[in-house]
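Counting starts at 1 for both ligands and their atoms, in listed order. The chain is numbered in sequence order, starting from 1.
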Amino acid sequence: MSAIVSTNVHIWNGILICIIYSKKTACLVRGDSADCSHMSLSEIPRDLPGNITHLDMSHNRLTSLPAASLAPYSGLLNLDVGFNSLTKLDQALCQTLLRLRTLNLERNEVHVLKEQDLSSCVHLTMLNMASNRLTLKAKSGDPFAALENLMTLDVSKNMLVSAKLGSKPQLPNLVALTLSHNAISSLKKDDFYFLSRSPSLFILNLSDLPLKKFEDGCFQPIANISFLKMDGCNLGPQTTQLCTELSDTAIHTLSLRDTSLGKLTNITFKGLDKTNLTTLDLSSNKMNAIEKGAFQWLPTLETLHLEDNNLKHLTKDAFVGLQSLKKLNLRRALVKSKTSSTSIIDDFTFSPLVALETLILEHTAIRSITENTFTGLTSLQYFYVGWSSCTSLKYLTKNTFVSLAASPLRVVNLTGTAIAKIDPGAFSAFPNLTTLLLDYNFISQTLTGTEFEGLGQLEQLFFSNNHQMVELSSWSFVQVPRLRILTLGKTLTGSLDLVPSPFGPLTNLKVLDLSNNNIANINAHMLDGLGNLMVLKMQHNNLAREWKSANVGGPVLFLKELGNLTVLNMEYNGLDEIPTDALKGLKKLKEMSFTGNVLNSLKDSVFEDLLSLRVLRFQKNLITAVRPQVFQPAMENLSLLDMGRNPFDCTCESILWFVTWLNTTKANVTGGKDQFTCNTPLAYFNRTIMDFDPLSCKDSTPFQALYIFSSTVVIAVMLGALLVRFHGWRIQFYWNVLINRTLGFSDAKVEEGREFEYDAYVIHADEDQKWVERSLLPLENEKYVFCVEGRDFLPGTSRLEAIVDNMKRSRKILFVVTESLLKDHWCRGFKAHHALHQVMEASRDSVILVFLQDVHDYRLSRSLFLRRGMLRLRCLLYWPVHKERIPAFHEKLRIALGMTNTLKP
Ligand SMILES: *[C@@H]1O[C@H](CO)[C@@H](O)[C@H](O)[C@H]1NC(C)=O
Ligand SMILES: *[C@@H]1O[C@H](CO)[C@@H](O)[C@H](O)[C@H]1NC(C)=O
Ligand SMILES: *[C@@H]1O[C@H](CO)[C@@H](O)[C@H](O)[C@H]1NC(C)=O
Ligand SMILES: *[C@@H]1O[C@H](CO)[C@@H](O)[C@H](O)[C@H]1NC(C)=O
Ligand SMILES: *[C@@H]1O[C@H](CO)[C@@H](O)[C@H](O)[C@H]1NC(C)=O
Ligand SMILES: *[C@@H]1O[C@H](CO)[C@@H](O)[C@H](O)[C@H]1NC(C)=O
Ligand SMILES: *[C@@H]1O[C@H](CO)[C@@H](O)[C@H](O)[C@H]1NC(C)=O
Ligand SMILES: *[C@@H]1O[C@H](CO)[C@@H](O)[C@H](O)[C@H]1NC(C)=O
C-alpha cells in the first residue's frame, strides 16, 4: 500500500545524503482512526470508513477546510490538520463535527479568527493554533468565548501584541495557556480579565516575549496560576516588578531561564515571600553575583536550579534564607575568575541549607575543600561532583571529606575528578553510603582494603576507567562485604591470579565488571563463593591461554560455582577453545556472548547445561560448523541469535542442522537469516546458507564409505607428517631434491609459463625490502623473473592500474608475510584488495605465502583475506631461523614457483 514517490538529494559537507520519503498512496486505517498525513492531499478523502473518530490530515496541502467535506465523518473526536495552508476556519465545522474534542491547527496561515468561527465548538478540550498569523485586534470580538470545555489553548508563535484574547470572562475550564513567542510587550491590568472565571488555570507559558512592563495587578485575575514559565524573556531588573506582581498568586514553580538576570540583589525576589514558591529555575542567566540576602524571600523554596551561570565566588551568606531547600543544582554555575583559575566557595557557604538533600556541583573548578566547606549540610544524602576539579580531590585523605561527616550521605559521585590516590580511611566520613562512583579517575595504587574503611553499608562501587593502573590484593574488598555491584572495567593491571581471591568476601555480589583489563592470569578459584553473581563481564581481556587444553595444569574452569549467572560476556578474548566443562552448571544463563574471538570447532556438549539461554552472540569467529551436538541445547529457547561473519562450511555434516533450525525458528536473527554466507565449498562460496539444498543430504550411505576411506587416508597422512616432523627438515630437503631430480622443477606445462612475463609478483612491506633484495632477488640469476613493486613499475602509470596489470602478467603472487605487511595500508586498501581478489579468484594456487615471522591465522585472514587452510601446503613457506636451512628454503621456493596454477579436477 505504500510506494516511494519522491526522493530528495542533499549535499552536506560534501557527503551525499539521499533521503527517500516514503509516501502513502492510501490512508492507513487502523481501528477507528485514519492516518492520511504526508500525502500531498488538497482535500479530505471521501472513501474513509464513516465511523472513524480520529483523523490525521497533517502535512498535506489543504488550503481550506469546508465543513461539507467532513460531513461523512460526523463522529470525529480528534482532528489534526496541522502543517497545511489553511487561512481561515469554516464556522460550520463544529456544527458538522458535533463531538469534536481536539483540534490541531498548528502551522497553518490562519490570520483572522472571528467570533462565529469557533462558536459551535463547545465540546472542544484542546485547541492548538501555534504558528499561525493571528493578530486578534479588539474588533475580532471574543473568538474563544464559546469554548466552555477547553482545557488547553496554544496560541504560541503568532503575531499577538496583547495577552488579551477576549473582552469578557470565558474559558471556565482552561488549565493551560501558552502565549509564548508573540509580540506581547506589556501585561496590562485587565489583560487577563477574560480568564477571571477560570479557577483551574494552572499553567501559564509566557516564554520568549519582549516584555517590558508589568502593570499593577496584571496577575490579579489569574491568581490561581501555580506554574509560570518566562524563559527567554529579557527581564533583567524587571524581575523585581514581576515578583511583586506574583506576590499574591498561588505560584509554585517559576522558570526564569535565560532572562538576563546578571546579578541577584537583596530585592530581586521581593514579594515571593508571600507565596509558597517551591521550585525556581534560574539557569543560563550569565549570573555573576548573588548578593547577601538575595534568597531571604524564598523560605518555602525546595528546588533551586542555578545551572550554567558565571558565578566566581560563593560567599557564606549567599544562601541565607533557604531553610527549606532540598535540592540545589550548581552544575556549571561556577566559573574561574580573572585572578584565579578556580572558583571559590567560602567556608560555611552551605550551612544555611539545613534541609538540603541533594547537592549538584558538577563541571566546576573549585579551589579547595577545607574542613568547613560543606559544614552544616545535616540532611545531605546525594552529593554529585562529577567532572569537577579541585586540588583537594587529587589525594583523598581522612580529612578531605571531614566537613561532610555530619551528613547522612547515601550516594557520592566522584566521577572524573582527577583523583590519583586514596588514603586509608578516606571515606570513613560516610558510614551510611550505599553508592560510590569513582569512574574516570587516575587512581593507580594497590588496593589494600583500608581505602574503603568505614563503608560497611556500601552496595555499589563504580570504579571503571581508571587507566588500568590499579592492582588488587587479596584484601581489597574485605571492608565492603555488602557490595552488590562492582565495576572494574579498564582499571586493573593484567593479573588477577591471587590466593585468596579478592572477590572472596563479596558473597552478595550480583554484578561484576572486569572488562577491558587485558587480564591474562587468573585462577580457578577467582569467583568461588559468588553464588549470587548474575552478571559477569569479561570482554576485552586476554584469557585465551586460560582455556586452552594445553595450559599447564589444564584449562582454568573459573565459572564453575556461578549457578545464578544470567549474563556472561566473553567477547574479544582471543579464545580459540572452550573447555568441555567451562560452562557446566550455568543452568540459569540467559545471555552469552563470545563475539570477536577465534573459535573454530567447539567440543560436543560444551553448551549442554545452557537450556535457559535466550540471547547468543557468536559474531566474528571462525565457526565453520553449527552442529546439533554442540548447539542444540543453547538454541532450544533462543530469542536472539547474533552469529554473522563466520566462515560457514556448507556441507551436510556442518550446516544441515543449522539451516533447518533457521528455517523453522521464531528467534530473532540479528542481520537477518540471509546474512550467513558459505565460505566453503567452492560451489556455495559467498552464497547465503539459506541456499543450501537439504535434499542433497538425503542419501548418506555412500558418504559413510567415503568417511571410512577418508579417515584412513587422514591417519596415514598424519603418520607421514609425524615422521617428517621427527626426522626434521633434512628428510624434507632430500625428498624435495629427489622429486625435483625425477620430475623436474615444474609440474606446470611449458606453455603455461609462456603466457606470463614474470614468474612472480612480489608483495612486501617497505620494511622487508632488504630481505627481498638479499634473499629473493638472487634467484633472478637463475631463470626467474620477478616483478617487484617500486623497481619494475613504469613511471607515469597510476599505481593501482600498474598493480593490477603487473599481477595479471605474473604467474604467481608472492606475499612476504610479516606483521608490517599486515599493518600496511596498501594491503588493507579496499581497491587493492579488490584487484587482488580478482586475480586470486582465477586460481588460489597462484598465491605463495612466505612467512618471515609467525603470524596468527586470524590476523592473516583479517588483513589478506587468506587463511593457510585455503592454500596448498607447498605454497606456504617459512623463512628458517637457522642459516644452514636456507638452501632448503630456496629449494622449496623453486618448487612453489614451478607449480601449476590450473586447478586439478
Ligand atoms: C466501522 O465500520 C466498519 C464497516 O464500515 C466496521 O467493519 C468496523 O468494525 C467499524 N468500527 C467500529 C470501531 O465500529
Ligand atoms: C539590601 O541591602 C542594602 C545595603 O546593601 C540595605 O541597606 C538594605 O536594607 C537591604 N534590603 C533588604 C530588604 O535586605
Ligand atoms: C501556603 O501554604 C500554606 C500551608 O500549606 C497555606 O496555609 C497558605 O495559604 C499558602 N499560601 C499561599 C499564598 O498559597
Ligand atoms: C555520576 O556523575 C557522572 C558525571 O557527572 C554522571 O554522568 C553519572 O550519570 C552520575 N551517576 C550517578 C549514578 O549519579
Ligand atoms: C546512618 O543510618 C542510621 C540508620 O539508618 C542512622 O541511625 C544514623 O544516624 C546514620 N548515620 C549518619 C552518620 O547519618
Ligand atoms: C542462587 O540464588 C539463590 C537466591 O539468592 C540462592 O538461594 C542460591 O543458593 C543461589 N545458587 C547458587 C548456586 O549459589
Ligand atoms: C523478536 O524481537 C521482537 C522485538 O524486539 C520481540 O517482540 C519478540 O518477542 C522477539 N522474538 C522472540 C522469539 O523473542
Ligand atoms: C525451508 O522451508 C521451506 C518451506 O517450509 C522449504 O521449502 C525449504 O526446503 C526449507 N529449507 C531448508 C533448508 O530446510
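- Note: no N/O pair closer than 3.5 Å links Tyr384 and ligand 4 by distance alone.
- With sequence neighbours excluded, no residue forms a side-chain hydrogen bond (donor to acceptor under 3.5 Å, both in side chains) with Thr249.
- Partners of Lys588 by side-chain hydrogen bond (donor to acceptor under 3.5 Å, both in side chains), not counting sequence neighbours, listed by chain and number: Asn564.
- Near Glu362, with a cut-off below 4.0 Å to any heavy atom, the atoms of ligand 4 are 2 (O), 5 (O).
- For Ser33, the side-chain hydrogen bond (donor to acceptor under 3.5 Å, both in side chains) test picks out no residue, with sequence neighbours left out.
- Of the N and O atoms on the side chains of Asn517 and Thr491, not one donor lies less than 3.5 Å from an acceptor on the other residue.
- Distances below 4.0 Å separate heavy atoms of Trp387 from the following atoms of ligand 4: 4 (C), 5 (O).
- Remark: the Ser464 side chain and the Thr487 side chain contain an N/O donor-acceptor pair separated by less than 3.5 Å.
- Residue-ligand proximity, Asn668 to ligand 7, at heavy-atom distances under 4.0 Å covers atoms 1 (C), 2 (O), 3 (C), 8 (C), 10 (C), 11 (N), 12 (C).
- When ring centroids are compared, Phe227 and Phe202 stay outside the 6.0 Å threshold.
- Salt bridge Arg332/Glu307: absent, no basic N to carboxylate O contact under 4.0 Å.
- Annotation: Asn413 places an N or O atom under 3.5 Å from an N or O atom of ligand 4; distance criterion only.
- Here the shortest heavy-atom pairing between Pro169 and Arg197 reads CB-CG, 3.4 Å.
- Sorted by chain then number, the residues whose non-hydrogen atoms approach ligand 3 to under 4.0 Å are Lys274, Asn276.
- Close approach to Lys666 involves these atoms of ligand 7, each under 4.0 Å from a residue heavy atom: 13 (C).
- By the 30° and 60° cut-offs, the orientation of the rings of Phe607 relative to Phe631 is perpendicular.
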